[in-house]
> 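Pasting a structure below so you can have a look.
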Amino acid sequence: MEQNEILSHAHELPKIPKVIREMMELVNDPEVELQDLSKTISLEQVVSGRVLRLANSAHFSRGKSVSSVNQAVVRLGLEPLKTLIIASSLVSAFPYVEVIDLENFWQETFEVAVLSKAIGESCSVNPNDAFTAGMLHNIGDLMIYTVMADKVPEIFEKMEAGSSKVNAQRSTINTDSAVLGAKLAESWSFSKELVFAISEQYEPKVDNIYSPLAATVRLANAINREWDKLETRDAKKVWLSEQIEVDILFVNENVIEHIDEVRGSGVEMARLVV
């Protein structure tokens, strides 16, 4: 099946609800007032519930619960709210996918997003953009799982036989999740930088055009796969020194402690949101 034929099915995908799109626009506005954001969040029951759960979680509550969206917004602050709203938009757009364990999918996605943010904080990449790129990086997979569900078993069989995900996808459907995800992100009006990062996530340097966000996501995925196998700081240091993205991003050595600190928090965040 050709890429254009798959993309022609994009209308079958769920849409991001209008109120969540409005929230995303508000949190991206540097002049936004928390009171205005609270009013918009209150219009969406599911997101309101997630905001309250996050505000009353152990990380934010410090033993004192809040009962109103306005109190929760003030407690969380703009950056955690931005993170939550971006996550909610994606979870709301894909509430059910039959061919995969969606809970595990979101836990891994959130973990890569948190690791991407940690990498951004250890180099010159904007951490919030890095988190968003991490959240968006595998939406192409969701497109395949939703629109091309009958092809998914063949893709998984090739991966189990040793093929990389991207090669398994290309040999089965003549395109891959990075290309499809970039098209979907573009249709959702995300920035050109984020669209490019998604499209180049498997090859962060193509035709001498370099995407720091793509490199960040690629490194975050590698860390998510390998980090728990590295038992000592020295082992982690050696492993990082072998990753080309560390050099091209100029990631500082403090990233080791930062990763250790946030490791697992993406999974916990997913449990609050999904």
Side-chain angles (χ1 to χ4, degrees), residues 14-95 102-103 105-121 125-137 139 185 188-191 193-194 213 216 220 258 261-274:
K15 304 299 182 184
I16 296 179
K18 180 181 178 182
V19 67
I20 295 182
R21 292 291 297 270
E22 291 174 356
M23 289 181 214
M24 293 174 70
E25 291 176 4
L26 281 173
V27 294
N28 283 311
D29 180 359
E31 305 296 326
V32 67
E33 297 287 343
L34 288 181
Q35 186 176 5
D36 294 334
L37 187 56
S38 296
K39 290 178 181 178
T40 304
I41 289 173
S42 298
L43 297 175
E44 219 292 326
Q45 187 175 9
V46 173
V47 177
S48 295
R50 290 168 178 160
V51 167
L52 284 167
R53 282 204 302 274
L54 187 63
N56 287 318
S57 66
H59 181 71
F60 286 100
S61 69
R62 297 179 294 279
K64 296 181 180 180
S65 63
V66 296
S67 57
S68 73
V69 170
N70 188 56
Q71 290 173 320
V73 166
V74 171
R75 172 176 287 180
L76 291 173
L78 194 55
E79 291 309 326
L81 278 171
K82 182 177 181 179
T83 294
L84 182 63
I85 289 167
I86 290 168
S88 291
S89 70
L90 295 177
V91 173
S92 297
F94 293 93
L102 201 53
E103 181 179 354
F105 176 89
W106 285 123
Q107 288 181 3
E108 182 173 337
T109 300
F110 275 73
E111 190 69 13
V112 169
V114 166
L115 292 170
S116 296
K117 184 174 183 178
I119 294 166
E121 290 170 341
V125 174
N126 182 291
N128 297 313
D129 289 345
F131 180 89
T132 304
M135 283 299 304
L136 291 171
H137 84 280
I139 57 171
W188 284 348
S189 301
F190 282 100
S191 70
E193 291 78 12
L194 283 170
L213 282 177
T216 301
H258 203 4
E261 180 182 351
V262 303
R263 185 68 170 143
S265 61
V267 172
E268 291 303 315
M269 188 182 297
R271 289 171 179 162
L272 289 170
V273 173
V274 177

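Values below: all heavy atoms of this structure, side chains included; hydrogens, waters and symmetry mates excluded.
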> Given 3.5 Å as the limit, does a donor-acceptor pair link the side chain of Ser48 with the main chain of Ile41, or not?
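Between the backbone of Ile41 and the side chain of Ser48 there is a qualifying donor-acceptor contact (under 3.5 Å).
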> Ser42: what forms a side chain to side chain contact (heavy atoms under 4.5 Å, CB included) with it, not counting sequence neighbours?
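For Ser42, the residues satisfying side chain to side chain contact (heavy atoms under 4.5 Å, CB included) (neighbours in sequence not counted) are Val69.
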> Give every residue pair that meets the side-chain hydrogen bond (donor to acceptor under 3.5 Å, both in side chains) criterion with at least one member in residues 127-136, sequence neighbours excluded.
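Output for this query lists Glu79-Asn128.
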> Is the count of non-hydrogen atoms from other residues, nucleotides or ligands lying under 6.0 Å from Gln71 atom CD greater than 12?
yes
> Within a strict 4.5 Å, meaning less than it, do heavy atoms of the Val46 and Glu44 side chains meet?
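A side-chain contact exists here, since the closest heavy-atom pair is under 4.5 Å.
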> Salt bridge (charged side-chain N to carboxylate O under 4.0 Å, His left out) with Arg53: which residues, sequence neighbours excluded?
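Salt bridge (charged side-chain N to carboxylate O under 4.0 Å, His left out) check on Arg53 returns nothing, list empty.
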> For Ser68 versus Leu52, what's the shortest heavy-atom pair and its separation?
O-CD2, 3.5 Å
> How close do Leu76 and Ala55 get, counting heavy atoms only, and between which atoms?
CD2-CA, 3.8 Å
> I need the full list of salt bridge (Lys or Arg N to Asp or Glu O under 4.0 Å) pairs touching residues 264-273, with sequence neighbours left out, sorted by first then second residue.
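Residue pairs passing salt bridge (Lys or Arg N to Asp or Glu O under 4.0 Å), neighbours aside: Glu268-Arg271.
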> Report all side-chain donor-acceptor pairs from residues 110-121 shorter than 3.5 Å, counting only partners two or more places apart or in another chain.
{"from": "Glu111", "atom 1": "OE1", "to": "Gly266", "atom 2": "N", "distance (Å)": "3.0"}
{"from": "Glu111", "atom 1": "OE1", "to": "Val267", "atom 2": "N", "distance (Å)": "3.1"}
{"from": "Glu111", "atom 1": "OE2", "to": "Arg263", "atom 2": "NH1", "distance (Å)": "3.2"}
{"from": "Glu111", "atom 1": "OE2", "to": "Gly264", "atom 2": "N", "distance (Å)": "2.7"}
{"from": "Ser116", "atom 1": "OG", "to": "Val112", "atom 2": "O", "distance (Å)": "2.8"}
{"from": "Glu121", "atom 1": "OE1", "to": "His258", "atom 2": "NE2", "distance (Å)": "2.2"}

> Just jot down the side chain to side chain contact (heavy atoms under 4.5 Å, CB included) partners of Asp36, sequence neighbours excluded, or say none.
Glu33
> Please give me the minimum heavy-atom distance between Ala130 and Val125, naming the atom from each residue.
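So the minimum-distance heavy-atom pair works out to CB-CG1, 4.1 Å.
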> Could you report the tightest heavy-atom contact between Ala72 and Val51, atom names first, then the distance?
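Smallest heavy-atom distance, with atoms named: CB-CG1, 3.6 Å.
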> Do Arg75 and Asn56 make a side-chain contact, defined as non-hydrogen atoms from C-beta onward lying under 4.5 Å apart?
yes
> What distance do Met269 atom CE and Trp106 atom CH2 have between them, rounded to the nearest 0.5 Å?
13.5 Å
> Roughly how far, to the nearest 0.5 Å, is CG of Asn126 from CG of Leu213?
8.0 Å
